Amino acid sequence: MIPPVRFRKREEISEIVDTIFAKHHPSREIPVPVDLIAERMGLDLVPIPGFRARAGAEGALSTDRSTIYYDERGAELHAARYRFTVAHELAQVPQLGVPGVFSDPRFGLFPPEFPGFWMGKVRI
Amino acid sequence: MDETFGAALKRLRLERGMSLREFCLRIAADPSNYSKLERGLLNPPPSERLADFLQALELTSTCEDTRELERLAAIGRGQIPGSILSDERLAGKLPLFFRTLENGPLTDEKMQEVVDTLREAWISDSAGTV
């Protein structure tokens with residue numbers, strides 16, 4: 001069951017962004033260090049080799065909203081894409097109204113506590 | 001729970017405004033493996049490699065953050081910190097210390113009492129040598 005996503009007005013989004021910037025990126029310098037902001041907000045950023053091939057996505061937010069997983073190779077090759085992916089997942093943190101459920105139906109494939117992948121006997 | 005090596009490393013990195021990827025570039029590390037280090041999925045690196053981390057964090061060899069990271073790294077590797085082993089007199093007393101600890105579980109309060117006693121003894125010794 002996918003929880004309904006509440007639509008926010010533009011002003012409301014600006015207010016959220018202003019609050020985050022005031023606390024975690026007061027200089028407002030560009031390019032905005034989205035990955036650093038995510039970590040300063042208390043999230044873990046976990047690069048996983050082969051994530052895209054296995055998950056069919058560049059990144060994912062864990063069900064407990066504590067971790068953003070992303071494709072390591074993609075991040076290495078395409079910095080802008082990596083920044084977009086982190087920002088995309090970061091934006092889902094306040095969107096997820098029901099703990100334990102992803103807003104993206106593709107991630108219903110994964111167990112509730114997404115533990116990363118196993119490659120042979122090695123956890124990646 | 002007290003801070004682990006990985007958590008301390010992450011805290012110090014973020015305090016310096018460095019993202020995980022930026023830090024990995026500085027220390028020439030694979031972000032995926034380095035991330036495991038911060039999350040405690042890999043053991044802390046040996047001293048020679050730790051020196052690269054300290055340099056990237058711009059920590060001097062004598063500052064308290066450096067000493068704390070070295071202590072946490074040694075503990076994470078299952079070793080006794082080198083600063084203790086280098087003191088022969090102190091190292092010689094470790095078996096006695098370990099035997100005492102093995103007598104039973106030590107509560108947090110009791111452990112704090114031991115720390116306070118040692119600290120007081122150290123302060124009074126230091127005062128006596130002035």
Side-chain angles (χ1 to χ4, degrees), chain A residues 21 23-29 31-54 59 62 64 66-87 89-90 113-119 121-124, chain B residues 1-46 49-50 52-59 63-66 68-73 75-78:
Chain A
F21 273 7
K23 192 169 181 184
H24 302 294
H25 186 52
S27 71
R28 285 180 168 258
E29 281 175 12
V32 175
V34 281
D35 50 358
L36 191 58
I37 289 173
E39 287 198 293
R40 282 176 169 166
M41 287 172 69
L43 281 100
D44 280 326
L45 259 64
V46 178
I48 298 180
F51 184 92
R52 189 172 187 276
R54 286 160 180 252
S62 68
D64 63 358
S66 71
T67 309
I68 292 173
Y69 300 95
Y70 65 88
D71 186 75
E72 164 54 25
R73 185 79 175 136
E76 192 183 322
L77 293 176
H78 308 289
R81 178 74 200 182
Y82 158 70
R83 284 161 40 72
F84 176 86
T85 299
V86 174
E89 301 304 333
L90 191 57
E113 278 311 308
F114 182 65
F117 295 108
W118 289 85
M119 189 172 275
K121 290 181 179 176
V122 182
R123 186 179 166 192
I124 56 172
Chain B
M1 190 179 164
D2 294 326
E3 196 173 37
T4 60
F5 172 78
L9 198 56
K10 182 176 181 179
R11 176 177 54 77
L12 291 166
R13 173 174 65 76
L14 291 178
E15 281 174 7
R16 281 150 184 78
M18 275 186 267
S19 70
L20 185 137
R21 303 194 72 78
E22 184 186 346
F23 189 67
C24 286
L25 271 178
R26 288 192 184 206
I27 60 172
D30 169 64
S32 179
N33 281 330
Y34 174 77
S35 157
K36 288 179 192 167
L37 199 60
E38 282 195 347
R39 289 179 289 138
L41 298 175
L42 286 178
N43 284 340
R49 183 61 172 138
L50 182 59
D52 297 335
F53 293 13
L54 299 174
Q55 192 179 10
L57 291 168
E58 295 170 2
L59 290 172
C63 79
E64 182 50 33
D65 281 333
T66 295
E68 184 65 5
L69 269 184
E70 286 171 344
R71 280 183 216 118
L72 291 172
I75 292 164
R77 291 192 298 262

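Below, chains carry the letters A, B, ... as their sequence lines are ordered, and counting in each starts from 1. For the numbers below, each heavy atom of this structure counts, side chains included, while hydrogens, waters and symmetry mates do not. These numbers were taken from a predicted model, which means no experiment stands behind them.
In this structure, chain B has no heavy atom under 4.5 Å from any part of A:A38. Both the backbone and the side chain of B:S19 come within contact range of chain A, with heavy atoms under 4.5 Å apart.
For B:K10 and B:E3, the salt-bridge test fails: no basic side-chain N is under 4.0 Å from an acidic carboxylate O.
For chain A, the option among B:L20, B:D30, B:N33 with the highest count of heavy-atom pairs below 4.5 Å is B:L20.
Not a single donor-acceptor pair under 3.5 Å links the side chain of A:H78 to the backbone N or O of A:Y82. Without hydrogens or angle criteria, A:R40 side chain to A:H24 main chain gives a donor-acceptor distance under 3.5 Å. Counting only distance, with no hydrogens or angles, the side chain of A:R83 and the backbone of A:V32 share a donor-acceptor pair below 3.5 Å.
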